[in-house]
2 protein chains.
Amino acid sequence: MSTIYEVAALAGVSPATVSRVFNGLSVSSEKIRLVRDAAEVLKFTPNRTARRLRNQSSELIALLIPDIENPFFTALARGVEDRAQQSGYSVVLCNTDDDPDKETNYLDIAVSENMAGIILAPASADGDLAHVVSRGRPMVAVDRSTGFDIDAVMVDNRAAGIAATNALFDAGYSRVACIAGPVGIETTEERSLGWRQVVTRRGNPAGHDDYLQHANYRVDGGRAAMRTLLDLPTPPDAVVTTNNLMGVGALQILSEAGITPPEFGVAVVGDLPFTTLLPDAITQVHLPARHLGTTAASMLMERIAGDTQPARTIVLRASVTQGATPVPTAR
Amino acid sequence: MSTIYEVAALAGVSPATVSRVFNGLSVSSEKIRLVRDAAEVLKFTPNRTARRLRNQSSELIALLIPDIENPFFTALARGVEDRAQQSGYSVVLCNTDDDPDKETNYLDIAVSENMAGIILAPASADGDLAHVVSRGRPMVAVDRSTGFDIDAVMVDNRAAGIAATNALFDAGYSRVACIAGPVGIETTEERSLGWRQVVTRRGNPAGHDDYLQHANYRVDGGRAAMRTLLDLPTPPDAVVTTNNLMGVGALQILSEAGITPPEFGVAVVGDLPFTTLLPDAITQVHLPARHLGTTAASMLMERIAGDTQPARTIVLRASVTQGATPVPTAR
DNA sequence: AGACCGTAAGAAATCGGTTTCGTCAATACC
DNA sequence: GGTATTGACGAAACCGATTTCTTACGGTCT
């Protein structure tokens, strides 16, 4: 682990000059050569920790996501990484598990590690961001909003819920249920509001409050909710799930019950990852996960570069792939 | 961003004493109280960068994986994270895209960031690890081996390939093909060797070298290979895929061709993520991805703690879920 | 009482870069 | 030719914690 002092000694110059060479400041070509040669010999790599202590900032950005095993968030992470890499930044990925304590812990780390900026998919709406914001660290919220006045990139979740529900009615289904996530989570809540809006207008039969099921937003949650729906006295003939994993769970239950999608309508808000069978029969509202990531990263890069305009919120739209779903003649 | 000096001034003690309080060294209870109060008032958090520069090490470990969008690796990452968290370490996730240059870049960063250790799923067998190893940084290879004498955690890939192939023959299939990954990748290569071993013993018809297809190991690779297999003059009646994503691709093509699994045997080395339909008809050789992660992390923690025994290699076994797959009577 | 010991705590060195400040020499301008 | 200006570059301060070295003090042992 050679240091700048050793390089300086070998090259016969001062440490300051070595530093200048590596930062492209004005140095005579003569000494540049000497320093480069010495650095080559010693396999010198500048110590980022020391540099960071002095500069009070690093080329690292933190990305906090609730669930690293959800393909939506990995696609988002991919987007962030691609964009960050372009600007010479590396991404540190942290898994918060939707646990506010873990989130706070990672935020503290990001700040005390002097990271250049933070992209956060907030675990809850009332996380403790005051700490970070007051430190003036650039931060961008993604996917979910915060109670703070910071940059944000969102999806129009209401519209996504509306689109999914409309697609099912358009295909001819008439009793459209909804599997929504837990009550506290903004994204799935907005999407289920979209569902409700369409359903009251386009005519689910009245009195079916039980068509809205709340579940945890993982595969097992989708399974449980779908089971409940099928067991209702008057089961629905179609369902909207407000995220990808619950969609997987719902489809699993349908399959196990011997029901195949055109027979029962399924619309998923989010992309069904790695589907193996019959994807065409399903309506998907594609969320621009990767684009969400690149956009958030771009905003963050601007802030890091010193942009001080007031906080912006960018809203991206989802796009629909209508299931090629003729409703069965005998309903 | 208050510093230890400000805390010291407010508490009326020296910076050294503040440091001692925060590190649990002997200080009178009187001053401990003074310091804690002052720290409380100033919302003091020790600057990790400074601490790290001094200590030459941090509580951060780097995890380098080839593909963050592959559920196998995210499960592995989850395992690493869980174990690391227990010991108070945080995990930095880096995506190498199987690109040796990116890998080298991230390794350099890990070293010059003074990270405590590295867990690496190597992009290629001949990556440039000399750099890191010579620096004496603790490092553990996972999933794939390196040419270097370092700790490693692997799966018995040969046995996994054998198990998958045997399962298909046991179920009554007689022409078992194999979709393998690219030639350079150790894991899928070993698995396809397992396939070959069984096939030559249990009797694929001779002369079917074209039953072994190489493809990129992503979904589209599996799709392409499966198409090729179906178009053969004498197509196979079953297939082994040597990883999860190619399995997804193969199943997609079968589905699009109107062929459903019990009719055509499918065994996948790896877990099919988020399957929606008919999972029971498929043989899966479950790879202990998460366990791989926790094991690697445990080994790394031991090394970080100062363990200097010779390098070990731990080999984990895969477990089979035999597809409930009666071979169709009319073959 | 005097030598000895252990503990608490401050002063200062240290980690490895970056940056300011000042020096010196070379070029520019009148 | 003499003064102003510019540019290269070394010395030293600095970022914020940790740790060694020292000093001072209270108590113990002979």
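Each chain gets a letter, A, B and so on, in the order its sequence line appears, and its residues count up from 1. Below, all heavy atoms of this structure are taken into account, side chains as well, without hydrogens, waters or symmetry copies.
Between A:I4 atom CD1 and C:dC15 atom C1' the separation is 13 Å, expressed in whole Å. Taking atom CD of B:E6 as the reference point, atom P of D:dG16 lies 8 Å away to the nearest angstrom. As rounded to whole Å, 9 Å separates atom P of C:dT18 from atom CG of A:L25. Residue B:E30 contributes atom CD, which lies 12 Å from atom P of C:dG10 at whole-angstrom precision. When the P atom of D:dT18 is taken as reference, atom OH of B:Y5 falls 10 Å away, rounded to whole Å. Between B:K31 atom NZ and D:dA24 atom C1' the separation is 12 Å, expressed in whole Å. Regarding B:Q56, its CD atom lies at a distance of 13 Å from the C1' atom of D:dT19, rounded to whole Å. Rounding to whole angstrom units, CG of residue A:L53 and P of C:dT14 are separated by 17 Å.
Salt bridge annotation for B:R51-A:E113: absent, with no cationic side-chain nitrogen under 4.0 angstrom from a carboxylate oxygen. Ion pairing between B:E59 and B:R52 fails under the 4.0 Å rule for side-chain N and carboxylate O.
Although no hydrogens or angles enter the test, the distance criterion places a donor-acceptor pair under 3.5 Å between the side chain of A:E6 and the main chain of A:T3. A:D307 places a side-chain N or O within donor-acceptor distance of the main-chain N or O of A:Q309, the cut-off being under 3.5 Å.
Qualifying side chain to side chain donor-acceptor pair (under 3.5 Å) partners for B:R78, counting only residues two or more places apart in sequence or in other chains: A:D97. A:N243 is linked by a side chain to side chain donor-acceptor pair (under 3.5 Å) to nothing, counting only residues two or more places apart in sequence or in another chain.
Considering only the side chain of B:N55, D:dT18 comes nearest among D:dT18, D:dG10, C:dT18. Relative to the side chain of A:R54, the nucleotides D:dG16, D:dG10, C:dT19 differ in distance, and C:dT19 lies closest.
For D:dC9, one of the phosphate oxygens OP1 or OP2 lies less than 4.0 angstrom from a side-chain nitrogen or oxygen of A:S28.
Taken residue by residue, residues 14-23 of chain B places heavy atoms nearer than 4.0 Å to DNA chain D at B:A16, B:S19, B:R20, B:N23. Sorted by residue number, the members of residues 34-44 of chain B with any non-hydrogen atom under 4.0 Å from DNA chain D read B:F44.
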Do any side-chain atoms of residues 80-96 of chain A form donor-acceptor pairs under 3.5 angstrom with protein atoms, and if so which ones, sequence neighbours left out?
| unit_1 | atom_1 | unit_2 | atom_2 | d |
| --- | --- | --- | --- | --- |
| A:E81 | OE1 | B:N95 | ND2 | 3.2 |
| A:E81 | OE2 | B:Y106 | OH | 3.2 |
| A:D82 | OD2 | A:R290 | NH2 | 2.6 |
| A:R83 | NE | A:S298 | OG | 2.9 |
| A:R83 | NH1 | A:S87 | OG | 2.9 |
| A:Q85 | NE2 | B:Y106 | OH | 3.4 |
| A:N95 | OD1 | A:I68 | N | 2.8 |
| A:N95 | ND2 | B:E81 | OE1 | 3.2 |
| A:T96 | OG1 | A:I65 | O | 3.3 |
| A:T96 | OG1 | A:D98 | N | 3.4 |

Tell me which donor-acceptor pairs under 3.5 Å the side chains of residues 33-46 of chain A have, and how far apart each pair is, sequence neighbours excluded?
none

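Of all heavy-atom pairs between A:V142 and A:P122, the closest is O-CD, 3.7 Å.
Residue-level contact check: A:S2 touches the backbone only, with heavy atoms under 4.0 Å from sugar-phosphate atoms and none from bases.
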